[in-house]
Amino acid sequence: MSPKPFTHRGAAPYKPVDWTGLYPPVLPKGKVPAHVAIVMDGNGRWANKRGQTRIEGHRAGEAALLDVVAGAIQAGVKHLSVFAFSTENWTRSPDEVRFLMGFNRDVLHRRRDQLNEWGVRVRWSGRKPRLWGSVIKELQYAEQLTAGNDVLTLTMCVNYGGRVELVDAMRAIGEDIAAGNLKPSAVTEKLIRRRLYQPDMPDVDLFIRSSGEQRMSNFLLWESAYAEFVFLDTLWPDFSREDLWRAIGIYLDRDRRFGGAVDAPEIPAL
Ligand code: IPE
Ligand code: IPE
Ligand code: MG
């Protein structure tokens with residue numbers, strides 16, 4: 001399956017990124033987080049609060065994702081990684097799992113031309129086993145279609161787990177060592193990084209989770225070693241580009257030290 005070249009179908013079929021008329025605050029040059037990771041959480045609670053079933057919450061989350069991608073482009077973020085389905089989410093009811101699989105496939109199908117139009121490069125991070133073939137096909141199609149784009153890299157983390165990503169990397173390294181192609185002393189952080197699902201993915205600068213939960217839930221463990229964490233109470237279907245910009249604002253007020261230290265004694269007030 002090779003992607004068809006992009007064709008602009010008819011009059012203004014796509015929204016420009018600033019269709020809402022909202023613009024990000026002026027952000028200091030060179031300080032915008034290059035890589036933002038988001039745990040899109042709270043869909044089920046959003047729906048249940050309205051007397052609806054959980055899947056209605058997932059449905060409502062689609063618009064939030066599109067809005068946040070557009071807002072990330074406006075803010076100058078280069079990498080956005082979103083958690084769409086975790087390796088632990090298979091423990092949910094068969095109905096919800098089935099819905100989420102079909103939904104991920106359909107969202108990719110519905111939105112890929114719009115993302116392509118915005119210059120978004122779509123990538124998939126995750127594991128093949130158990131993942132529906134039709135979801136993998138859509139992910140791979142979107143990857144091929146958008147391979148030449150460089151405005152923003154959107155990594156869809158589907159059937160992704162941080163620990164299993166490391167397990168897969170360790171296995172590949174182990175096999176190379178067993179085959180005599182690699183010395184144990186050559187195993188470095190850099191080498192491990194190259195065996196992750198997306199070797200080119202930079203470290204996460206800003207890790208956002210919606211819905212008020214304050215945990216990683218196995219998302220981008222290696223990549224987030226020095227990320228700044230921002231937890232917002234907004235449930236994912238209510239999340240918008242303005243929440244993203246708010247999180248970036250909180251991030252900009254943080255002091256990232258990476259283990260270093262600067263001596264700056266304060267002069268006591270008289
Ligand atoms: C996040 O929302 C979406 C997925 C995990 C696929 P949830 O479905 O986890 O919603 P809550 O956390 O139960 O409200
Ligand atoms: C993390 O959210 C996974 C996704 C957002 C896809 P969960 O809702 O599955 O995480 P827990 O169960 O609250 O830790
Ligand atoms: Mg949840």
Side-chain angles (χ1 to χ4, degrees), residues 17-18 20-42 45 64-65 67-83 120 125 150-155 157 160 162-163 165-166 187-194 196 198-236 238-270:
V17 285
D18 60 355
T20 58
L22 296 169
Y23 294 91
V26 178
L27 300 165
K29 260 208 170 100
K31 296 275 185 198
V32 175
H35 185 186
V36 176
I38 307 184
V39 179
M40 308 184 287
D41 196 23
R45 278 165 283 167
L65 175 60
D67 197 56
V68 166
V69 172
I73 293 170
Q74 285 181 295
V77 171
K78 295 305 285 182
H79 295 264
L80 180 67
S81 300
V82 295
F83 210 1
V120 173
S125 187
D150 65 358
V151 173
L152 170 104
T153 298
L154 173 66
T155 304
C157 299
Y160 174 87
R163 285 188 172 175
E165 178 178 36
L166 288 169
V187 179
T188 58
E189 288 189 19
K190 221 168 145 188
L191 184 118
I192 292 171
R193 148 80 61 195
R194 284 208 300 270
L196 300 179
Q198 290 297 337
D200 298 336
M201 179 188 277
D203 276 354
V204 174
D205 297 301
L206 169 58
F207 185 115
I208 301 172
R209 183 166 185 151
S210 60
S211 90
E213 305 297 349
Q214 303 196 359
R215 53 178 171 266
M216 297 177 80
S217 298
N218 203 15
F219 193 40
L220 298 175
L221 297 182
W222 178 277
E223 299 85 345
S224 299
Y226 259 106
E228 294 296 329
F229 287 74
V230 173
F231 300 106
L232 298 179
D233 287 338
T234 314
L235 301 172
W236 181 252
D238 290 329
F239 208 92
S240 72
R241 67 186 78 201
E242 289 177 285
D243 295 300
L244 171 71
W245 298 339
R246 186 153 59 96
I248 292 175
I250 295 169
Y251 164 89
L252 290 172
D253 283 339
R254 299 268 175 88
D255 182 15
R256 300 186 81 188
R257 291 191 283 271
F258 299 99
V262 177
D263 200 13
E266 279 181 28
I267 299 156
L270 291 176

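Residues take their numbers from the sequence shown, with the count starting at 1.
- Screening Glu223, Arg193, His35, Lys78 against Pro202 for a side-chain contact (heavy atoms from CB on, under 4.5 Å) leaves a single residue, His35.
- Using a 4.5 Å heavy-atom cutoff, the side chains of Leu65 and Met40 are in contact.
- The distance from atom OG of Ser81 to atom CZ of Phe207, rounded to the nearest 0.5 Å, is 10.5 Å.
- Contact of the Ser210 side chain with the Ile38 side chain is not registered, since no non-hydrogen atoms from C-beta on lie closer than 4.5 Å.
- Put simply, the side chain of Val120 does not reach to within 4.5 Å of the side chain of Val151, judged on heavy atoms.
- When all heavy atoms of Val204 and Leu220 are compared, the closest pair comes out as CG2-CD1, 3.9 Å.
- At distances below 3.5 Å, at least one donor-acceptor pair connects side-chain atoms of Trp245 with backbone N or O atoms of Gly71.
- Side-chain contact check for Glu189 versus Ile192: every heavy-atom pair is 4.5 Å or farther apart.
- Note that CD of Glu228 is 10.5 Å distant from CG of Leu252, once rounded to the nearest 0.5 Å.
- Of the possible donor and acceptor atoms, none in the side chain of Asp18 sits under 3.5 Å from a partner among the backbone N and O of Tyr23.
- For Arg257, the CZ atom is loosely surrounded, since the number of other residues' heavy atoms within 6.0 Å does not exceed 12.
- Rounding to the nearest 0.5 Å places CG of Asp203 at 9.5 Å from CH2 of Trp222.
- Taking CZ of Phe231 as the reference point, atom CG of Asp41 lies at 11.0 Å (rounded to 0.5 Å).
- Shortest non-hydrogen contact noted between Gly212 and Asp233 is CA-OD1, 3.5 Å.
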Using the rule given for side chain to side chain donor-acceptor pair (under 3.5 Å), can you reason through Tyr160 versus Glu165, listing the C-alpha separation, both sets of side-chain angles and the distance that settles it, and then say yes or no? CA-CA 7 Å; Tyr160 174 87; Glu165 178 178 36; 2.6 Å; yes
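- Nearest heavy-atom pair across Trp236 and Ala64 is O-CB, 3.3 Å.
- With a 4.5 Å cut-off on side-chain heavy atoms, Thr234 and Arg246 count as touching.
- In this structure a side-chain-to-backbone donor-acceptor pair under 3.5 Å is present from Asp243 to Ser240.
- Taking every heavy atom of both residues into account, Leu27 and Ala75 meet most closely at CD1-O, 3.8 Å.
- Put simply, CD on Gln214 and CG on Leu232 are 10.0 Å apart, with the number rounded to the nearest 0.5 Å.
- Taking the side chain as every heavy atom from C-beta outward, Tyr251 and Arg256 approach each other to under 4.5 Å.
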Go through the steps to decide whether Leu191 and Arg194 satisfy the test side chain to side chain contact (heavy atoms under 4.5 Å, CB included), and finish with yes or no. CA-CA 5 Å; Leu191 184 118; Arg194 284 208 300 270; 3.9 Å; yes
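- Side-chain contact check for Arg209 versus Arg215: some heavy-atom pair is nearer than 4.5 Å.
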Under the criterion side chain to side chain contact (heavy atoms under 4.5 Å, CB included), I'd like the reasoning laid out for Gln198 against His79: C-alpha separation, chi angles, the key distance, then a yes or no. CA-CA 12 Å; Gln198 290 297 337; His79 295 264; over 6 Å; no
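- Side-chain atoms of Val77 and Leu206, non-hydrogen and from C-beta on, never get closer than 4.5 Å to each other.
- Across every non-hydrogen atom of Leu244 and Phe239, the tightest pair is N-CE2, 3.8 Å.
- Of all heavy-atom pairs spanning Phe229 and Ser224, the tightest one is CE1-O, 4.2 Å.
- Atoms CG and CD1, from Leu154 and Ile73 in turn, are 9.0 Å apart once rounded to the nearest 0.5 Å.
- Using cut-offs of 30° and 60° for the angle between ring planes, the Phe258 and Tyr226 rings count as tilted.
- Using a distance-only test at 3.5 Å, with no hydrogens or angles considered, a donor-acceptor pair links the side chain of Gln74 to the main chain of Leu22.
- With respect to the salt-bridge test (charged N to carboxylate O, under 4.0 angstrom), the residues Arg254 and Asp205 do not qualify.
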